[in-house]
Structures are given as C-alpha cells and as structure tokens.
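This report refers to the structure that appears directly beneath it.
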Amino acid sequence: MRIRAALVEVPGGPFGVQELELEAPRADEILVRITAAGICHTDLSMRRVWPPQRLPMVFGHEGAGVVEAVGDAVSGFVPGDTVCLTYRSCGGCAQCAMGEPAYCEDAGALNAGGCRPDGSSPLSRRDGAPVYGNFFGQSAFASHCLTTESNTVKIPADIPAAVAAPLGCGVQTGVGTVRTVLCPSPGATLAVFGAGGVGLSAVMAAVADDCTVIAVDPIAARRSLAMELGASAVIDPTTEGDVAAALRDLTHGGPRYAIDTTGKPAVVSQAIGALRKRGTLALVGIGTAQFDTLPVLTKGLTLRGVTEGDAVPAKAIPELIDLYRQGRLPLEKLITEFPFTDIEAAAEAAATGRVVKPVLVGPAADGPDNG
C-alpha cells in the first residue's frame, strides 16, 4: 500500500515527508494507521548517528493508532482496535522469561536494527528502492506502520491519541523509574535532573506517591511547569553556584533518590554529590558520564541503569491510563501538538527545549493514496 512517511536521508539530515510503499502484514505483523506520534530525544539523537549504510530511514517510536489489518498468526488484535505502540522484545530469551522485556537479549536487533530480524524491510520507495525502518518495531513517523504483538498494547478508544502516543516510551520510562525501580516511600526525597518529558513524568509519579520532589533544569518554563505539577522546589543550575549543596540544604542532608535524564557528566556528578548516604541514583539519560568514585564508595551509593522504566508495557500502559483518568498524571500539560507535515519544526522545538513533548497528530489526513 502507498503511505506517507518522514524520511531521513543522510546522517543528521532533516525529516522529509514522502510517499513510500509498505508491504502487507506478514503472519505475525499488525498494520496500524497512526493517529499520533510523539517525538523523543532518542529519535533526534539516533538520526544524527545512524549508520549511512542504513539510510534512508524512518524513525518514530511513540506511536498511537488504530489496527487496520492483522496477519494470520496474530490472535490478540482485530481491525478497529485502538492501540499504543512501544518497544519490541523477543519473548523467548532468559530476560523476557524473567518478566524483564526491557532488557531483552535481542533488544538491539529488534529495536535499532533498521529492519526485520530476517534483514528485510517492509518499506520501499515507489521505484522499489529499499527504505529502512522497523524502529522500535514500528517506525511511527508515518501514516501507517507494521508492528507485532510484543510491542502493541490495546487501549480504550476514548483516550486522546496525543496523550496515548508518549505512553509507550517517555512516560513509562519516567513513571516506571519512580514506581517500579526506585519505589520511594511516601515522604521520601527525590531530585530529578532534567525536566523534559521523562523527567516531568517522573515528577508527576513521585508527587502522586506523596514524595518531596526537587527538579533541576536550566529552562525557566520547565521549572515553572515542574512546580505546577507539584514539585516542592526547583533549581536553576545556570545560576546556582553549587547545585549539590543547594539540594542538600533543601532536603536537610541530601535526597534519598535522584534521577538523571541528561546523560551529562557534570550533571551526574551533581547528583552523586547531592545524595545522602545509601542513596540511589537512577541513570536514564544516554551519554558518556565521568565521575569521581570516592563519594560513591564513601556514601555507599547505588547507581542503577534503567531502560524504559523497567516497564512491562502490557501491564504498565493500562496503569498509566488509570493514573491519567484519575487526574494524577496530567500529561496534557506536557504536550504540544504539531501537524504531521510540520515534523521538522516539531523536532527543532524539542531540540531547543521550546516544548516539552511535541506530538505529531493526524498524519493519515495527508494520505495515503492507494489508487
């Protein structure tokens, strides 16, 4: 079928909307019409470093939409189902068997290989030239994509598509890091470094669990939003001479928990310096961190890497929806909607911090033309 998709043709190049061809779903695949797709910093960072031999490429891994067709081996979905898309896992490795699909032993190939596990791609240009995709088992920057049962979650039809889209990555990462990984008791202190989509999702989760939360971010609008969402205090790291000391003062000795969403060495060091003895730092941001190990040793700190909030999406996404319905996860405050054709403007707004979570809406309105 003919679809429209945002294509990256060179490393770091812009998103360009083009008509492509998409194969019919194989036996284990699901055809989804995308109604909304969140832009995550992973999409932006990966397009900069994506190998040239795997271009042109369709990214996008926070999709929401409606099932249009299913393969013969698909049993859990039927056309018409409203769905949220998330990361893919194999279901058969040791990690998946232990209920930890975020750490699937085949995660790299399934989510960031640019193709199906057999090396094929369902996407091509209209002249037959191959196009890479299958990003996180979806490539949601398109009017339609193919997914599998492992990375597709059925959701209620009345959930706004723009709210549903970020659930499958950014929101479940932030919320899961708090509620599944750190599990703070009510009244515990938590510092969140970076008030983007993941960080603010963590703020909302911690506030919902009656924690004292301090958000650290250089952008004034994000600090204001953190306060609106229930943070007890905020810190501007560009004006605060010693962020770690300020956090220790605010929390009477240092927070018990911290989350770094930035991946920046200086920020990780600030988090380590701020934590009280036996504290825990969850590392969520991607980067190359360098830090002094002495305070880690002398304070007995725990450093914990976290992927996708340790979420099991089929369980986590319905729980996120329940929190949203209760008003405890006001995701609409994070979201700025953009027409799908304005994807490059949305990406620029995300990269510069002008918006927290840009979500592309209504991509199917531009097509496809299956004539």
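Note that the structure is a prediction, hence the values are computed from the model and not measured.
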So does D72 have more than 12 non-hydrogen atoms from other groups sitting under 6.0 Å from CG?
-> no
In terms of side-chain geometry, is the basic nitrogen of R304 or D310 positioned less than 4.0 Å from the acidic oxygen of its partner?
-> yes
Between the side chains of R26 and S120, is a donor N or O closer than 3.5 angstrom to an acceptor N or O?
-> yes
Distance only, no hydrogens: is a donor on one side chain within 3.5 Å (strictly under) of an acceptor on the other, for H61 and Q138?
-> no
Exercise: do Q172 and T86 side chains pair donor with acceptor under 3.5 Å | yes
Is there a donor-acceptor pair under 3.5 Å between the side chain of N111 and the backbone N or O of R88?
-> yes
Would you find more than 12 non-hydrogen atoms of other residues, nucleotides or ligands less than 6.0 Å from K299 atom NZ?
-> yes
Would you say S121's side chain and V131's backbone share a donor-acceptor pair under 3.5 angstrom?
-> yes
Should the pair E62-K357 be classified as a salt bridge under the 4.0 Å nitrogen-to-oxygen rule?
-> yes
Do you see a donor-acceptor pair shorter than 3.5 Å between the side chains of E100 and Q95?
-> yes
Please say whether more than 12 non-hydrogen atoms of neighbouring residues, nucleotides or ligands are located less than 6.0 Å from CD in Q290.
-> no
Between R325 and D158, is there a salt bridge with N-O shorter than 4.0 Å?
-> yes
Pair E9 + R54: basic N to acidic O under 4.0 Å = no
Taking only Lys NZ, Arg NE, NH1 and NH2, and the carboxylate oxygens of Asp or Glu, determine whether R126 and E19 approach each other closer than 4.0 Å.
-> yes
If we ignore angles and hydrogens, is there a donor and acceptor under 3.5 Å between the side chains of T189 and T212?
-> no
Please lay out, stage by stage, how E228 and K333 fare under the test side chain to side chain contact (heavy atoms under 4.5 Å, CB included).
-> CA-CA 9 Å; E228 182 181 341; K333 294 181 182 293; 2.9 Å; yes
Any donor-acceptor pair under 3.5 Å from N151 side chain to F136 backbone | yes
Sort out for me which residue in L44, D342, T341 forms a side chain to side chain contact (heavy atoms under 4.5 Å, CB included) with F15.
-> L44
